[in-house]
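Below is one structure, written out as structure tokens; the observations come after it.
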Amino acid sequence: MDPSDFPATLSFVKPLTDEQVAAFPDFFLVYNGWCLVSERAADVLKGFDLGCTQFIETPIFEQDQITQRPERFFLLNVAEHKSGFDRENSTNWSLRKKRLSDRPGREFWKPIVDAKGLAVNAKATEGVDLWFDNEVLDILFLSDRLAKAIKAAKLKRHGLQPCIVVED
């Protein structure tokens, strides 16, 4: 997406305490499926091959839409896509096809429950360390080395699960 397509600011829909904001994960999805990352998470990610992926600093405001929060957050414009989803070797994976209204004629697989048992081919793990799959909607893929760095940095993460890597 073009960076101008992202919101210039975000605000909370209800009042939150400093403790509640501090408890946020370092990666989380916000309105419209965008991924918001903390400054700590952005610093870790920037040490990896992200290709054309961009960080768009996005000020966060309180519910009043006037008071800006002091924390720095970034919307992640993930620009890298690969084709690696291995349907045959995926287990415990409930999928349904979903047609996106903004992409006529294009269907995607969307998880119903979670990503446990998702298989990808080994070629998909080469190259950039962060990507979306061309066939799977709403799942952000990370290389093993990036996942290990996230764990080592003790970033609070939501939903990080291993994939089954299938060799050719």
Side-chain angles (χ1 to χ4, degrees), residues 1-82 84 98-104 106 108-116 118 124-125 127-163:
M1 290 177 59
D2 187 274
S4 65
D5 293 331
F6 285 84
T9 64
L10 294 172
S11 61
F12 294 125
V13 295
K14 64 181 185 177
L16 296 176
T17 66
D18 289 345
E19 293 77 21
Q20 288 172 312
V21 175
F24 284 174
D26 288 294
F27 297 84
F28 55 99
L29 294 179
V30 294
Y31 172 77
N32 211 22
W34 290 314
C35 184
L36 193 68
V37 298
S38 69
E39 183 174 18
R40 287 182 54 223
D43 289 343
V44 170
L45 291 170
K46 288 175 183 176
F48 288 84
D49 180 1
L50 303 179
C52 294
T53 292
Q54 301 170 313
F55 297 89
I56 301 162
E57 187 164 4
T58 308
I60 308 289
F61 288 83
E62 296 289 355
Q63 182 186 20
D64 65 11
Q65 298 183 3
I66 296 169
T67 310
Q68 185 174 345
R69 296 288 312 182
E71 302 85 4
R72 291 179 71 201
F73 287 98
F74 300 83
L75 283 167
L76 196 58
N77 187 6
V78 180
E80 299 299 327
H81 292 259
K82 300 180 187 182
K98 178 179 181 179
R99 186 174 304 276
L100 297 180
S101 59
D102 64 335
R103 295 185 187 178
R106 189 99 194 262
F108 292 84
W109 291 97
K110 181 172 177 67
I112 293 174
V113 180
D114 60 40
K116 289 182 181 172
L118 174 65
T125 64
V128 295
D129 293 297
L130 182 75
W131 70 95
F132 281 116
D133 190 279
N134 289 326
E135 291 186 62
V136 180
L137 188 64
D138 296 338
I139 299 287
L140 187 60
F141 291 85
L142 315 172
S143 67
D144 187 51
R145 61 186 169 267
L146 177 53
K148 286 177 180 173
I150 288 169
K151 288 178 185 177
K154 297 185 176 160
L155 295 179
K156 296 175 277 184
R157 58 204 187 278
H158 176 72
L160 189 61
Q161 298 180 25
C163 290

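Hydrogens, waters and symmetry mates are skipped; everything else that's a heavy atom, side chains included, is used.
Considering all non-hydrogen atoms of both residues, Phe74 and Ser38 come closest at CD1-O, 4.2 Å. Nearest heavy-atom pair, Ala149 versus Val44, reported as atom, atom and distance to 0.1 Å: CB-CG1, 4.2 Å. Pairing each heavy atom of Lys154 with each of Arg40, the nearest pair is O-NH2, 3.5 Å. In terms of heavy-atom proximity, Gln63 sits nearest to Pro15 at OE1-CD, 2.9 Å. For the pair Glu80 and Leu130, the tightest heavy-atom approach, listed with the atom from each and the gap, is CB-O, 3.7 Å. For the pair Ile150 and Leu142, the tightest heavy-atom approach, listed with the atom from each and the gap, is CD1-CD1, 3.8 Å.
A heavy-atom distance below 4.5 Å is not found between the side chains of Phe6 and Thr58. Annotation: side chain of Thr125 is not in contact with side chain of Asp144 (no heavy-atom distance under 4.5 Å). Leu36 is not listed as a side-chain neighbour of Phe24, based on a closest heavy-atom distance of 4.5 Å or more.
Atoms CZ and OG1, on Phe73 and Thr9 in that order, are 14.0 Å from each other to the nearest 0.5 Å. To the nearest 0.5 Å, the span separating CG on Asp133 from CD1 on Ile139 amounts to 10.0 Å. The distance from the CG atom of Leu155 to the CG atom of Asp26 is 4.5 Å, given to the nearest 0.5 Å. If you take CG on Leu76 and CZ on Phe55, they are separated by 5.5 Å, rounding to the nearest 0.5 Å. Here Leu16 contributes atom CG and Ile60 contributes atom CD1; the two are 11.0 Å apart, rounded to the nearest 0.5 Å.
Classification of the Phe141-Trp131 ring pair by plane angle, with boundaries at 30° and 60°, yields parallel.
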Requested in this report: Evaluate the side-chain contact (heavy atoms from CB on, under 4.5 Å) criterion for residues Leu140 and Phe132: first the C-alpha distance (whole Å), next the side-chain angles of each, then the deciding distance (0.1 Å), finally the verdict.
Outcome: CA-CA 5 Å; Leu140 187 60; Phe132 281 116; 3.9 Å; yes
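Sparse packing is recorded around NZ of Lys148, with 12 or fewer heavy atoms of other residues, nucleotides or ligands lying under 6.0 Å away.
Of the possible donor and acceptor atoms, one in the side chain of Asp129 sits under 3.5 Å from a partner among the backbone N and O of Asp49.
A search for salt bridge (Lys or Arg N to Asp or Glu O under 4.0 Å) contacts involving Arg69 returns Asp18, Glu62, Glu71, not counting sequence neighbours.
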